[in-house]
S.K.: 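My questions will all concern the structure given below.
Naming convention: chains lettered A, B, ... in sequence-line order (proteins, then strands); numbering from 1 in each chain. Everything numeric in this text was worked out from a predicted model, so none of it was measured.
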2 protein chains.
Amino acid sequence: MSPSAPRRVTIVDVARHAQVSTTTVSKVLRNAYGASPTARAKVQQAIAELGYRPSAAARGMRGQTYTIGVVLPDIRNPFFPEILDGVTERLRDTDYHVLLGPGGCEGEQAEAEVTDAMIDRGMDGLILVAPMAPRSRLDKVAGIVPTVVIGRHGHSAVYDTVVDDDITGARLVVDHLAGLGHSRIAHIEHHETDSARLAEMPNAIRAQGYRQAMRAHGLEADIVSTSYTQQGGYDGAKQLLARTNRPTAIFAGADIVAMGVLQAVAEAGLTVPGDISVAGYDNTTFAALGPISLTSVDQAGRQIGSNAARLLLDRIADRHTPSAQIKLSPTLIARSTTAPPPQ
Amino acid sequence: MSPSAPRRVTIVDVARHAQVSTTTVSKVLRNAYGASPTARAKVQQAIAELGYRPSAAARGMRGQTYTIGVVLPDIRNPFFPEILDGVTERLRDTDYHVLLGPGGCEGEQAEAEVTDAMIDRGMDGLILVAPMAPRSRLDKVAGIVPTVVIGRHGHSAVYDTVVDDDITGARLVVDHLAGLGHSRIAHIEHHETDSARLAEMPNAIRAQGYRQAMRAHGLEADIVSTSYTQQGGYDGAKQLLARTNRPTAIFAGADIVAMGVLQAVAEAGLTVPGDISVAGYDNTTFAALGPISLTSVDQAGRQIGSNAARLLLDRIADRHTPSAQIKLSPTLIARSTTAPPPQ
DNA sequence: CTGAAAGCGCTAACAC
DNA sequence: GTGTTAGCGCTTTCAG
């Protein structure tokens, strides 16, 4: 290849090659009204022959970049790829492309930087997955660029939301475990410091659903607050297992947390589900792995993603669409980490 | 918030507010030579007061976007986030931001689309992780934008590479197993159809390393070709276990493959490592999980990523830097899926 | 239905 | 050391 890149093919080259004006080329590119079939065909051919590709930067200066930004909180959580699949699938036959922010789960600050970077880069729309930003910040972002927020309960006039019914999800787990005969069912939650987020974050809602369900069964809630990470699950389980009257079942707020729990249980010389039952949340790919086979709550990540993408496209098409909230129902996938408690 | 976004603050606003020219503002933004400390301070203050953020689109039209694109083959493989961490860490204190392509592991076609989308969006540099594109394609991409390729063996004059020494990695596993007393050590590889890729893809190199190491120990190689997926591991193990004289150890070419192997072994009513030892490759997060505890080869993903980012920055600074190849040494992490063979 | 031309926000010559 | 200005490639009025 030549050492210095050859000049990019531009719309002008295409116009000249097709013997039409740049306006016509632009119209063809955007499927806009006002180009004759003949002109359209000539342009298509010129584009193919020259291998023309529109510059997103130039387009961005006039408004659209045909790019959707997705901000994930933590690439390691295997639940998020599911959402992403739903998004890309829904966007497949459109002119839009998806770009991901590296998330990095390094807190609000990092999340804000990534979001800003995406705005600076002219994203046509943003999908924020379980963001930790405060409401005011979300409203501000949504005021700048069409936004769909996944996983935050609570309504907004400026952005759409897609959430899983975490109250129901938590209840499914408690019902399942109680149905197996457990009464000492503990829950490991992600510790929430911010009181404003308390009402919106999925982790908080799950804990709330757990409490409600335990009460409904006449059982006493037992919550350990750590974080939605493997380490958090490990630490939480250590605490629970050290109790004199330890629980017979642990409901981890996320599969990744359950992984840490399983590890702590194994280290304690206990067996699952013989000595203790463990359930997760998210039904991630590794929940299904043979040697793990974790009972979990399935959130239908693909559908979450595909709904979010759909809402976003609507909002991009018309920014004044009234905001929508979609709530999806989870299902329980019982596998082999849950069983009746030991006698 | 106002329903329609307020006009963005531009460099002109900053210049007016700071009582300087746009040139000066631009220079300050780029830390370029030729702005007095006084002017610099005034501009900094104006930027802060107005909340100015440069438009990447406009910058893109003049060359730089301060954006690095990373193309991952499969977001689900927990090895890749490690690489990403290394990249972002190395880029932390620069003006660059990282954006990820959604990969989608849907083959060469999808990979090409993502790469093209990134080029169209004016990425300043690209990091391609274990791409499946043919050499000609990689050369072409690298001819357009500075590129670093991770995981492909084989040199190129136009792009830099960072690879793990897969020959050594495979040898470590064979040495370990042979040292435990195994002699019937089988390997499950990812079947490679393309002869051109055969010499470059990590899977092929691992198989080659396995063969060499077996020969060195005076043992006979026994390879099953499936794919680097859980299903591939499951199928491969099924074949191996059906043999009359079945292997006492299986070296899976990737951790995800080992997961399938463990499942097949469990289904066959055999125990690990009592009846059969299993080793993986990549030392992914789930290899360390308590209930799995898989012996695996650690590739030092962070360092791979950080080296790739460094090379890329060098290449962006000077496109005519001679290309570099960095090879990192893997280490073996022995866990509880490997033990001496049954008597 | 088509074309000419203005201008999006920024950078980099070039003049002062 | 600082300011003026010409584009980068595209979209979008506005005339024809």
Side-chain angles (χ1 to χ4, degrees), chain A residues 4-43 46-47 50-67 95 119-124 144-145 316, chain B residues 4-43 46-47 50-67 95 119-124 144-145 316:
Chain A
S4 59
R7 203 179 57 76
R8 239 187 117 96
V9 177
T10 76
I11 202 173
V12 179
D13 301 319
V14 175
R16 190 161 35 217
H17 194 86
Q19 318 243 50
V20 297
S21 72
T22 57
T23 311
T24 306
V25 177
S26 177
K27 282 182 173 165
V28 173
L29 287 176
R30 291 172 290 121
N31 292 311
Y33 173 82
S36 67
T38 326
R40 203 167 281 274
K42 279 197 293 185
V43 171
I47 288 175
L50 299 176
Y52 165 78
R53 300 194 54 103
S55 148
R59 287 182 141 183
M61 292 206 62
R62 304 306 257 108
Q64 293 200 71
T65 55
Y66 297 94
T67 314
D95 290 330
I119 294 173
D120 296 342
R121 281 155 187 75
M123 300 292 158
D124 291 341
I144 300 171
V145 54
I316 289 172
Chain B
S4 60
R7 201 180 57 76
R8 237 187 120 97
V9 178
T10 76
I11 201 174
V12 178
D13 302 319
V14 176
R16 191 162 34 216
H17 193 86
Q19 318 241 50
V20 297
S21 74
T22 58
T23 309
T24 306
V25 178
S26 178
K27 281 182 173 165
V28 173
L29 288 176
R30 291 173 291 121
N31 292 312
Y33 173 82
S36 68
T38 326
R40 204 167 280 274
K42 280 198 291 184
V43 171
I47 287 176
L50 299 176
Y52 166 78
R53 300 194 54 102
S55 149
R59 287 182 141 182
M61 292 207 62
R62 301 310 256 104
Q64 292 201 73
T65 56
Y66 297 93
T67 314
D95 289 329
I119 295 173
D120 295 341
R121 280 154 188 76
M123 299 292 157
D124 291 342
I144 299 173
V145 55
I316 289 172

S.K.: Whole Å only: how far is the CG atom of B:Leu29 from the P atom of C:dC10?
M.R.: 8 Å

S.K.: Using a cut-off of 4.0 Å on non-hydrogen atoms, how would the nucleic acid contact of A:Arg30 be classed: base, sugar-phosphate, or nothing?
M.R.: base

S.K.: Would you kindly give the OH-to-C1' distance between B:Tyr66 and C:dG9, to the nearest whole Å?
M.R.: 14 Å

S.K.: For the pair B:Arg8 (side chain) and B:Arg53 (backbone), establish whether a donor and an acceptor sit closer than 3.5 Å, ignoring hydrogens and angles.
M.R.: yes

S.K.: What is the nucleic acid contact for B:Ala35, judged by heavy atoms within less than 4.0 Å: base, sugar-phosphate only, or nothing?
M.R.: sugar-phosphate

S.K.: Taking all non-hydrogen atoms of both residues, which atom of B:Tyr52 and which atom of B:Thr10 are closest, and how far apart?
M.R.: CE1-C, 3.6 Å

S.K.: How many Å lie between CG on B:Asp120 and P on D:dG9, as a whole number?
M.R.: 14 Å

S.K.: Choose from C:dG3, D:dC10, C:dG9 the nucleotide whose nearest atom is closest to any side-chain atom of A:Ser55.
M.R.: D:dC10

S.K.: Check every atom of C:dC1, D:dT2, D:dG9 against the side chain of B:Met61 and return the nucleotide holding the closest atom.
M.R.: D:dG9

S.K.: Contact class for B:Ser36 (heavy atom, under 4.0 Å): base, sugar-phosphate, or nothing?
M.R.: sugar-phosphate

S.K.: Does D:dG3 have OP1 or OP2 under 4.0 Å away from a side-chain N or O of B:Ser21?
M.R.: yes

S.K.: B:Tyr33 side chain N/O closer than 4.0 Å to the phosphate oxygens (OP1, OP2) of D:dT2?
M.R.: no

S.K.: Between A:Val145 and A:Ile119, which heavy-atom pair has the shortest distance, and what is it?
M.R.: CG1-CG1, 4.1 Å

S.K.: Just checking B:Thr23: base, sugar-phosphate only, or nothing, at a heavy-atom cut-off of under 4.0 Å?
M.R.: base

S.K.: Nearest whole angstrom, please: distance from the P of C:dG9 to the CZ of A:Arg59.
M.R.: 19 Å

S.K.: Separation of A:Arg16 atom CZ from C:dG3 atom C1', in whole Å?
M.R.: 15 Å

S.K.: Which part of the nucleic acid, if any, lies within contact of B:Ala57, taking any heavy atom under 4.0 Å across all strands shown: a base, the sugar-phosphate backbone alone, or nothing?
M.R.: nothing

S.K.: Ignoring backbone atoms, establish whether A:Ser26 has a side-chain N or O less than 4.0 Å from OP1 or OP2 of D:dT11.
M.R.: yes

S.K.: Which whole-number value in Å describes the distance from B:Asp95 CG to C:dC10 C1'?
M.R.: 15 Å

S.K.: What heavy-atom pair brings A:Asp124 and A:Gln64 nearest, and what distance separates the two atoms?
M.R.: OD1-CA, 3.4 Å

S.K.: Which is true for A:Val25 with a 4.0 Å heavy-atom rule: it touches a base, it touches only sugar-phosphate, or it touches nothing?
M.R.: nothing

S.K.: Nearest heavy atom decides the nucleotide; on that basis, is A:Ala58 or A:Thr22 closer to the 5' end of DNA chain C?
M.R.: A:Thr22

S.K.: Testing the 3.5 Å rule here: is there a donor-acceptor pair between the side chains of B:Thr23 and B:Ser26?
M.R.: no

S.K.: Once you round it to whole Å, what is the distance between C1' of C:dT2 and CD of A:Gln19?
M.R.: 14 Å

S.K.: Rounding to an integer number of Å, can you tell me how far B:Lys42 NZ sits from D:dG1 P?
M.R.: 14 Å

S.K.: For B:Thr24, answer base if it contacts any base atom (sugar-phosphate contacts may also be present), sugar-phosphate if it contacts only those atoms, and nothing otherwise; contact means non-hydrogen atoms under 4.0 Å.
M.R.: sugar-phosphate

S.K.: Testing the basics here: between B:Arg121 and B:Thr65, what is the closest heavy-atom pair and its distance to 0.1 Å?
M.R.: O-CG2, 4.2 Å

S.K.: Of the candidate nucleotides D:dG3, D:dA6, C:dC8, which contains the atom at the shortest distance from the side chain of A:Arg62?
M.R.: C:dC8

